[in-house]
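Reading through the structure tokens given below for one structure.
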Amino acid sequence: MIDQRIIELEYYINHIDDFTLDIIAEKMLISTKQLSRLLKTWDEEGLIDYTPGRGRGNKMKIEILRDIQTEIINDIERNIDMMNVKDLQKVLQQPWRHNAFVKLQEIVDDKISEEVIEDSNELIEWVHQMPENLHPAHINDYLGAQLSHQFFDTLYRVSATGKIIRSLVSVDEWKDDALHIHLKKQVKLSDGSLLTAMDVKDSLDYCGSEECPFAALFSEIEHIEVINDFYLIINFSKRPKYFKYLLSQKYSAIYRLIDAHTLIGSGPYQLYELSEDSLTIRYNLFYRGHLPDIERIKYLNKRSEKNHFDSYKKDNNEVVYINIGEEFLLFNPHKKLSIKQREYISRIFMETMEEFTETEINRDVANTTLDEKVKLDVKNQILRPLKVVVNSQTKVFFEAMQRRLLKDDIQLLFIEMDYLEYINTNLMALDVDFVWMYENYHSLQPYKTIDLLRQCKFQEWYGQLTEGYKIMNDLYYKENDAPSNVGYQYLKRLTQKNLYLPIRKVRRKIYVDTFTKNIDALPYGIVNYIDVILDKKAIRN
């Protein structure tokens, strides 16, 4: 077969003025010696006419003599049965002409649809239901976040050490109140087309539209200018704080809308099949990074009788627990309860929880006791009924807490609403003293605090209070302190004032085969499938 690197050569000599050996070698990521040898070989094979640029003023000349792209595609068609998925990925990454690429894609699609994926290269996840919406700005559970992570890339991402690093961005720069972004070139969507600045503009424009639940976060964008295919400028009314972190979040993922129901992205996987009982994703062959060991991931509805979840559990006893969020008790800061009163209520809450359920809870609180005299003084000061939000899942628990409080002559009144009504009702509109809250937020600081103050229900009570507002909006607030320390100290003060009480981590189970290794959890309960390793030796044994 013809060396496919000649396609790169053809592209560069047609798109670079006054090209030199050094320039082309750098673009092809090889040394000038390697390139020189390749050019001589291709010249001898009659593929090119190569004249080295010897002497001052004599330019190197390269002329392509044959239709190499058509010849390579014919070679691929003849040898497709001997090529694996990773071979095909390398082929598709080349800068093909449009008509040649269309032909090649047909060949590859036929190969992929015929390919039988071994069970060992497939991973199964069991979920409660299939997602209703695959749009990254409309995810409302860990599965939506997981799929968004597989399908789409974001402009930036947060590293394991908490650094904001570029993902789709090549170079960026703040100039006054505008963020200038240059995109990485040759990033391809799952249909093989190039991702462009217009795709970024369209994605971010939607984020700021009325249809998007996160529109308020993007309200400071005045307009977005597309300068060329890979350069855009985001203009703001004033320079916002933590905006690059905002652009690392799944709701600001970059995609292209193909039709009313179809979005494509540049992530490692793409949608393969979807039904009410299952959803399957598979390799995106145009992904610019390394392909994962897992070729296909199948999500099965555990409630569907067709899927036989109980029998699957018997045969697959390896379980991995993934943190997907945290539960905490949050007090209304606008209510007149003292620190000691909030401590008393927290203590009764934790006592009820220990009696009510066998669970891993916050032992620092559960193992503390209130002095009996202090306890008597505190309960005597609570002269009005306390109020809390309850739903069908929490009502039985709060009835137990209600009985416990009655022993101290304190009433607990319920404001009953279903979960959706609670989500859609601002906490400021609820006349309650505390809520049992669940949130899915970043595990690292300052992002944990930013998430709470920016995109969680927590911010409805605390976002406009002085310190929370300054953390999110004042560029010069505690500018000499590390942002992670500012976030940590903020939640520490709330804890000391008994306004915020972490209760327990919320986890989900993943059933895996014993040969599946390196299952790491990212923030928000996302599994980093691209780094999962299939132990081939264990599979064979």
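Residue numbers count from 1 along this sequence.
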For Tyr469, does its backbone N or O pair with a side-chain atom of Asn473 as donor and acceptor, under 3.5 Å?
yes
Does Ser248 use its side chain to pair, donor to acceptor, with the backbone of Val158 at less than 3.5 Å?
no
With a sphere of 6.0 Å drawn around CD of Glu479, does it hold more than 12 non-hydrogen atoms of other residues, nucleotides or ligands?
yes
Heavy-atom pair with the smallest gap, counting every atom of Gly208 and Phe218
CA-CB, 4.0 Å
Would you call Arg508 and Glu125 a salt bridge, using N to O less than 4.0 angstrom?
yes
For the CG atom of Leu274 and the CG atom of Leu147, what is their distance to the nearest 0.5 Å?
9.5 Å
Between Asp191 and Phe286, is a side chain to side chain contact (heavy atoms under 4.5 Å, CB included) present by the stated rule, with each step listed?
CA-CA 8 Å; Asp191 67 348; Phe286 298 102; 5.9 Å; no
Report yes or no: does Glu295 contribute a side-chain atom to a donor-acceptor pair with the main-chain N or O of Tyr283 at less than 3.5 Å?
no
Using atom types as modelled and distance alone, determine if a side-chain donor or acceptor of Ser275 lies under 3.5 Å from a backbone N or O of Ser278.
yes
Over all heavy atoms of both residues, which pair between Pro483 and Tyr242 is shortest? Give the atoms and the distance, please.
CB-OH, 4.3 Å
Indicate, with yes or no, if the rings of Phe331 and Trp461 have centres closer together than 6.0 Å.
no
Would a 4.5 Å heavy-atom cut-off, applied to side chains only, mark Asn301 and Leu279 as touching?
no
Give a yes or no on whether the backbone of Tyr476 and the side-chain of Asp474 come within a donor-acceptor separation of less than 3.5 Å.
yes
Please confirm whether His135 and Tyr255 have ring centers closer than 6.0 angstrom.
yes
Heavy atoms of other groups near Lys478 NZ, more than 12 under 6.0 Å:
yes
Using a 4.5 Å cut-off on heavy atoms from C-beta on, say whether the side chain of Pro136 contacts that of Tyr251.
no
So Leu337 and Leu386, do their side chains get closer than 4.5 Å, heavy atoms only?
yes
Is it the case that Gln146 and Tyr524 place a side-chain donor and acceptor less than 3.5 Å from each other?
no
Report the residue from Arg384, Lys336, Arg342 that forms a salt bridge (charged side-chain N to carboxylate O under 4.0 Å, His left out) with Asp433.
Arg384
Checking side chain to side chain contact (heavy atoms under 4.5 Å, CB included) for the pair Leu491/Gln445: CA distance, chi angles, key distance, verdict?
CA-CA 10 Å; Leu491 289 185; Gln445 287 286 18; 3.6 Å; yes
Gap between atom CD1 of Ile345 and atom CG of Leu405 - 0.5 Å precision:
7.5 Å
For residues Leu263 and Arg256, determine if any side-chain heavy atom of one lies less than 4.5 Å from a side-chain heavy atom of the other.
no
Over all heavy atoms of both residues, which pair between Met353 and Ile503 is shortest? Give the atoms and the distance, please.
SD-CG2, 3.5 Å
Would you confirm whether Thr394, through its side chain, and Asn391, through its main-chain N or O, come within 3.5 Å as a donor-acceptor pair?
yes
I'd like to know if Asp172 pairs up with Arg166 as an ion pair, taking the criterion as any Lys NZ or Arg NE/NH1/NH2 lying under 4.0 Å from an Asp or Glu carboxylate oxygen.
yes
Could you give the distance from CG (Leu522) to CZ (Arg157), rounded to the nearest 0.5 Å?
10.0 Å
Is Leu465 close to His334 at the side-chain level, that is, under 4.5 Å between some pair of heavy atoms?
yes
Nearest 0.5 Å, what's the OG-CG distance between Ser443 and Asp451?
10.0 Å
Closest heavy-atom pair and its distance - Glu439, Met437
OE2-SD, 3.6 Å
Within the side chain of Lys335, is there an N or O that forms a donor-acceptor pair under 3.5 Å with the backbone of Val432?
no
For the CG atom of Asp199 and the OG atom of Ser203, what is their distance to the nearest 0.5 Å?
6.5 Å
Between Phe152 and Gly265 the two heavy atoms that sit nearest each other are CD2-CA, 3.7 Å
I want to know whether Trp436 and Phe349 have ring centres closer than 6.0 Å.
yes
So does Lys457 pair up with Glu460, basic N to acidic O under 4.0 Å?
yes
Minimum heavy-atom distance between Ala137 and Tyr206, given as atom pair plus value:
CB-CE2, 4.1 Å
Side chain to side chain contact (heavy atoms under 4.5 Å, CB included) evaluation trace for Leu168 with Tyr156
CA-CA 7 Å; Leu168 292 174; Tyr156 299 87; over 6 Å; no
Above 12 or not: heavy atoms from other molecules or residues under 6.0 Å from OH of Tyr477?
yes
Please determine if Glu416 and Lys395 form a salt bridge, counting it only when a charged side-chain N lies under 4.0 Å from a carboxylate O.
yes
Interatomic spacing from CD1 in Ile164 to CZ in Phe243 - rounded to 0.5 Å
12.5 Å
Quick check: are there more than 12 heavy atoms from other residues, nucleotides or ligands sitting under 6.0 Å from NZ of Lys470?
no
Hey, is Arg239 close enough to Asp177 for a salt bridge, meaning N to O under 4.0 Å?
no
Between Arg404 and Glu351, does any NZ, NE, NH1 or NH2 come within less than 4.0 Å of an OD or OE carboxylate oxygen?
yes
Whether the side chain of Thr154 engages the backbone of Lys250 through a donor-acceptor N/O pair (distance < 3.5 Å, no angle test) should be reported.
no
In terms of side-chain geometry, is the basic nitrogen of Asp431 or Lys387 positioned less than 4.0 Å from the acidic oxygen of its partner?
yes
Any heavy-atom pair between the side chains of Ile297 and Thr280 that's under 4.5 Å?
no
Go through it in stages, so that I can follow the logic: the residues are Leu452 and Phe328, the test is side chain to side chain contact (heavy atoms under 4.5 Å, CB included), and I'd like the CA-CA distance, side-chain angles, deciding distance and then a yes or no.
CA-CA 12 Å; Leu452 285 170; Phe328 52 90; 4.1 Å; yes
Could you walk me through whether Lys340 and Glu343 pass the salt bridge (Lys or Arg N to Asp or Glu O under 4.0 Å) test, one step at a time?
CA-CA 5 Å; Lys340 286 296 182 184; Glu343 184 181 5; 3.4 Å; yes
What orientation do Phe236 and Trp174 show, parallel under 30°, tilted 30 to 60°, or perpendicular over 60°?
tilted
Side chain to side chain, Tyr344 and Ile410, heavy atoms closer than 4.5 Å
yes
If you count heavy atoms of other groups shown closer than 6.0 angstrom to CZ of Arg454, is the number above 12?
yes
Within a strict 4.5 Å, meaning less than it, do heavy atoms of the Thr449 and Tyr447 side chains meet?
no
Taking atom types as modelled, find out whether Tyr245 and His442 have a side-chain donor-acceptor pair closer than 3.5 angstrom.
no
Answer yes or no: does atom CZ of Phe214 have more than 12 heavy-atom neighbours from other residues, nucleotides or ligands under 6.0 Å?
yes
Salt bridge present between Arg507 and Glu326 (N-O < 4.0 angstrom):
no
Tell me, with the steps shown, if Ser266 and Asp153 meet side-chain hydrogen bond (donor to acceptor under 3.5 Å, both in side chains).
CA-CA 6 Å; Ser266 55; Asp153 284 320; 2.8 Å; yes
